[in-house]
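For this chain, numbers begin at 1 and follow the sequence in order.
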Amino acid sequence: MEKKIYRDCQRNQACCLGGYAIDGCTQFIPFNNSKTHCKACGCPRNYHRKVLCRDLEQSPNGKSFRSLREAKRMARQQQSCGGVNMKQRKSKFSMGQREAMREFGEGLGWSMRNKDRQEEINRFCERIGVSRIIFKTWLNNRKKCYFKGTSSANISS
């Protein structure tokens with residue numbers, strides 16, 4: 001049986017000033033049986049971080065929780081026990097693909113925003129065997145390196 005508990009308050013107290021500051025309330029405490037506002041900070045319950053636990057008092061190894069760190073670790077384990085690997089595979093490109101993408105990226109001006117060239121971009125991606133999203137990600141990552149390299153080259157010359 002999963003039990004909902006509400007932990008630390010996430011309300012940004014400095015939002016109107018353009019900053020970020022939380023009040024330090026570490027656990028939702030119901031105010032006078034209302035169960036909608038916290039007695040400690042006065043915030044509504046939905047401002048507090050919700051944690052789903054099967055049994056807060058006992059962990060699977062029989063020990064009681066010692067800290068919030070232990071509870072978070074257990075929650076991560078529960079999410080990953082479905083056998084699903086959440087890590088994404090890193091794309092590997094051949095030298096020919098990298099060179100073609102670099103040349104095409106320079107021709108685009110390191111931006112895919114030009115609406116007139118969308119069909120050309122689609123044909124290019126299809127020709128070299130890379131999906132459009134992967135090319136876009138590669139282009140954005142290389143753009144940072146390209147401009148970093150050209151700015152330092154211009155200063156030294």
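Taking the six-membered ring for Trp and thresholds of 30 and 60 degrees, Phe135 and Phe104 have ring planes inclined between 30 and 60 degrees apart.
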- Task: Please assess Glu99 against Arg102 for the test salt bridge (Lys or Arg N to Asp or Glu O under 4.0 Å), listing each intermediate value before the final yes or no.
- Result: CA-CA 5 Å; Glu99 186 62 29; Arg102 186 187 60 77; 2.4 Å; yes

- Message: Run the side chain to side chain contact (heavy atoms under 4.5 Å, CB included) test on Asn140 and Lys143 for me, step by step, so that the C-alpha distance in whole Å, both residues' side-chain angles and the decisive distance to 0.1 Å come before the verdict.
- Response: CA-CA 5 Å; Asn140 286 331; Lys143 173 174 43 178; 3.4 Å; yes

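Side-chain contact between Met101 and Leu139: absent, with no pair of heavy atoms (C-beta onward) separated by less than 4.5 Å. Phe93 has its side chain out of reach of Ile128: every pair of non-hydrogen atoms, C-beta onward, lies at least 4.5 Å apart.
The closest donor-acceptor contact from the side chain of Gln118 to the backbone of Met112 lies under 3.5 Å.
Note that OG of Ser131 is 12.0 Å distant from CD of Glu126, once rounded to the nearest 0.5 Å. Taking CD from Gln97 and NZ from Lys92, the interatomic distance works out to 13.0 Å, rounded to the nearest 0.5 Å. Atom CD1 of Ile121 and atom NZ of Lys136 lie 10.0 Å apart (nearest 0.5 Å).
Among Cys38, Cys43, Pro44, the one residue that satisfies the side-chain contact (heavy atoms from CB on, under 4.5 Å) test with Cys9 is Cys43.
Annotation for Arg132 and Cys125: closest pair CA-SG, 3.8 Å, computed over non-hydrogen atoms.
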